[in-house]
Amino acid sequence: MAAWSAPVTVAAVPETGRRLDLMADDAARDAIAKAVGLAALPRLEARFDLTRHGADGLRAIGRVSATVVQNCVVTLEPIESQIDEAVDLVFLPDVEPPAEAVGL
């Protein structure tokens, strides 16, 4: 699902790092809510500190937070919840395995 993305290249992140603050617009939130079966997704935000990881990788440390609305499975009344999750990820380029490892 590519309803919300913010591509960043390694070259766009200086050696000192880069702060990335994201806020999903109405169209992205609506598409995500529909894709995952939420009644609504009134807020979706992310904040990351990006740093280089090795020669070609990036590390993203931050938080993703959202307000989600789901329908109760018993009463069908909407229930609003707050989500706040820590993120610590490393992104590395795709690498083809060595030819000798393919037949293993």
Gap between atom CG of D26 and atom CG of L44 - 0.5 Å precision: 11.5 Å
Tell me the closest heavy-atom pair linking A55 and V10, and the distance in Å. O-CG1, 4.2 Å
Using the side-chain hydrogen bond (donor to acceptor under 3.5 Å, both in side chains) definition, which of the options E85, Q82, R43 pairs with S65? R43
Would a hydrophobic clustering, with Ile, Leu, Val, Met, Phe, Trp and Tyr connected at side-chain separations under 4.5 Å, put F91 with V13? yes
Could you measure the distance from the OG1 atom of T51 to the CD atom of E15? Nearest 0.5 Å is fine. 10.0 Å
Heavy-atom distance under 4.5 Å between the side chains of W4 and L22, does that happen here? yes
Among all residues two or more places apart in sequence or in another chain, which pass the salt bridge (Lys or Arg N to Asp or Glu O under 4.0 Å) test with D84? R63
Working to the nearest 0.5 angstrom, can you tell me the gap between H53 NE2 and L58 CG? 10.0 Å
Please report the shortest heavy-atom distance between L38 and V68, naming the atom on each side. CD1-CG1, 4.0 Å
If you look at every heavy atom in A40 and A33, which pair is closest and at what distance? C-CB, 4.2 Å
Considering all heavy atoms, the nearest L92-G57 contact: CD2-CA, 3.9 Å
Work out which heavy atom in R29 is nearest to a heavy atom in L41; give both atom names and the distance. NE-O, 2.9 Å
How long is the straight-line distance from CZ of R47 back to CG of L20, given to the nearest 0.5 Å? 10.5 Å
Would the number of heavy atoms belonging to other residues, nucleotides or ligands and lying under 6.0 Å from CZ of R52 be above 12? yes
Please find the pair of heavy atoms, one from A24 and one from A28, that lie closest to each other, and give the distance. CB-CB, 4.2 Å
Residue that, paired with F48, satisfies side-chain contact (heavy atoms from CB on, under 4.5 Å) out of L89, V87, D88, I61: V87
Starting from V73 and following side-chain heavy-atom contacts under 4.5 Å between hydrophobic residues (I, L, V, M, F, W, Y), which residues can be reached? V74
Spatial distance of atom CG (L50) from atom CZ (R19) [nearest 0.5 Å]: 9.5 Å
Would you list the pairs meeting salt bridge (Lys or Arg N to Asp or Glu O under 4.0 Å) in which at least one residue belongs to residues 30-41, sequence neighbours left out? none
